[in-house]
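Notes follow once the structure below has been shown.
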Amino acid sequence: MSTRIAFLKGHGTENDFVIVPDPENTIDLPPAAVAALCDRRAGIGGDGLLHVVRSAAHPEAEGMAAEAEWFMDYRNGDGSVAEMCGNGVRVFARYLQRAGHVTEGDLAVATRGGVKTVHIAKDGDVTVGMGRAVLPEGDVTVSVGERSWPARNVNMGNPHAVAFVDDLSHAGDLLSPPPFSPAAAYPDGVNVEFVVDRGPGHVALRVHERGSGETRSCGTGACAVAVAAARRDGADPTATGAPATYTVDVPGGTLVITERPDGEIEMTGPAVIVAEGEIDTDWLETSTSV
């Protein structure tokens, strides 16, 4: 491990991340180290960690290097590896802009969920092409206490269960993963969104992200919710040829989600870098060895 590790802290609609720039992939970040860094009392604090690596330097991304120079090696707050994080991609792009690696306009970012197209606008918002949603067949149910709801199974490169409820308080404290059935629907766990209507084309959510607990925002979750709401409302852009746009309120702000007639989904929202500094490597090694 290097003797000095730079970090930054950023958030997208208050979904916050520790950012570790490591272009040549020389920093070892085992799960225990990631969990220590993301600890809100004993570490820096974050819902997850963005490990910034050149695609060519990472074995999981080198096959995407021709399309995207940079790989978002994303980890959940508990140290586990995740396929994608929509808010994370926006913050990742903002970091690349701050560091001078990219400018306003279009870029590509490699993720475990594939290469994502990103547009950094002059007004500061960042739009991410989130790919197409997959809607697996089969009924799913999620529960909180004695209440249960049918949920829409939506995969955005990571799995989601979207339940429409009468009141967001019905989601409970979301400290632990809401039970779901059948277990075979999500063998590796699931992100669970509880959703209420705010008006035409306007919904609000609370979310439990697997590996992180309740978060202030979830980009892929907002996309999954918009798709589930559109289908519930009888809208399928791939069938009608008309885009479907939903405003999605999350506890940390607002995202705008558009599903295009070709099935591609775009997410637009803010991304902010709030701090930077250096990690005490002695502390990190001690935390990792405990």
Minimum side-chain heavy-atom gap [X]-[Y] below 4.5 Å:
| X | Y | value |
| --- | --- | --- |
| D106 | T117 | no |
| P270 | R90 | yes |
| R198 | V203 | no |
| R98 | L8 | yes |
| I265 | M156 | yes |
| V144 | W149 | yes |
| N25 | P59 | yes |
| V190 | F180 | yes |

- [ ] Check step by step if side chain to side chain contact (heavy atoms under 4.5 Å, CB included) holds for V134 and N153.
- [x] CA-CA 8 Å; V134 176; N153 190 348; over 6 Å; no

Any donor and acceptor pair, going by atom type alone, linking the side chain of [X] with main-chain N or O of [Y] inside 3.5 Å?
| X | Y | answer |
| --- | --- | --- |
| K9 | G45 | yes |
| R147 | H170 | no |
| R232 | R152 | no |
| R112 | M84 | no |
| D47 | D16 | yes |
| N76 | D78 | no |
| D125 | T268 | no |
| R231 | A235 | yes |
| S55 | A68 | yes |
| S287 | W283 | yes |

Tell me the closest heavy-atom pair linking [X] and [Y], and the distance in Å.
| X | Y | result |
| --- | --- | --- |
| I257 | A222 | CG1-O, 3.9 Å |
| C38 | G77 | CB-O, 3.7 Å |
| L50 | G88 | CD1-O, 3.6 Å |
| V102 | A93 | CG2-O, 4.2 Å |
| R4 | T281 | N-CG2, 4.3 Å |
| I120 | T103 | CD1-O, 4.0 Å |

[atom1]-[atom2] distance between [X] and [Y], expressed to the nearest 0.5 angstrom:
| X | Y | atom1 | atom2 | result |
| --- | --- | --- | --- | --- |
| N155 | H160 | CG | NE2 | 7.5 Å |
| T111 | F71 | OG1 | CZ | 7.5 Å |
| M72 | F17 | CE | CZ | 7.5 Å |
| Y186 | R210 | OH | CZ | 11.0 Å |
| L205 | F164 | CG | CZ | 10.0 Å |
| W70 | F92 | CH2 | CZ | 7.5 Å |

Task: D123, CG: over 12 other non-hydrogen atoms inside 6.0 angstrom - done: yes

Open item on the list: Does atom CG (D197) have a neighbourhood of more than 12 heavy atoms from anything else shown, all under 6.0 Å?
Closed with: yes

Task: Name of the residue among H58, R54, H51 meeting side chain to side chain contact (heavy atoms under 4.5 Å, CB included) with D22 - done: H51

TODO: Run through E83, E209, M130 and flag the one making a side chain to side chain contact (heavy atoms under 4.5 Å, CB included) with T220.
DONE: M130

Between [X] and [Y] (salt bridge meaning N to carboxylate O under 4.0 Å), is one present in this structure?
| X | Y | answer |
| --- | --- | --- |
| R132 | E264 | yes |
| K122 | E104 | no |
| R206 | D173 | no |

Are [X] and [Y] linked by a side-chain donor-acceptor pair shorter than 3.5 Å?
| X | Y | result |
| --- | --- | --- |
| D282 | T286 | no |
| D233 | Y246 | yes |
| N87 | S217 | yes |
| H202 | D249 | yes |
| T13 | N15 | no |

Same cluster (ILVMFWY, side-chain, under 4.5 Å), [X] and [Y]:
| X | Y | answer |
| --- | --- | --- |
| I44 | Y95 | no |
| V207 | V225 | yes |
| I273 | Y74 | yes |
| V18 | V52 | no |
| V256 | V248 | no |

Open item on the list: Pair L37, L284 - check side chain to side chain contact (heavy atoms under 4.5 Å, CB included), show working.
Closed with: CA-CA 8 Å; L37 289 168; L284 186 60; 3.9 Å; yes

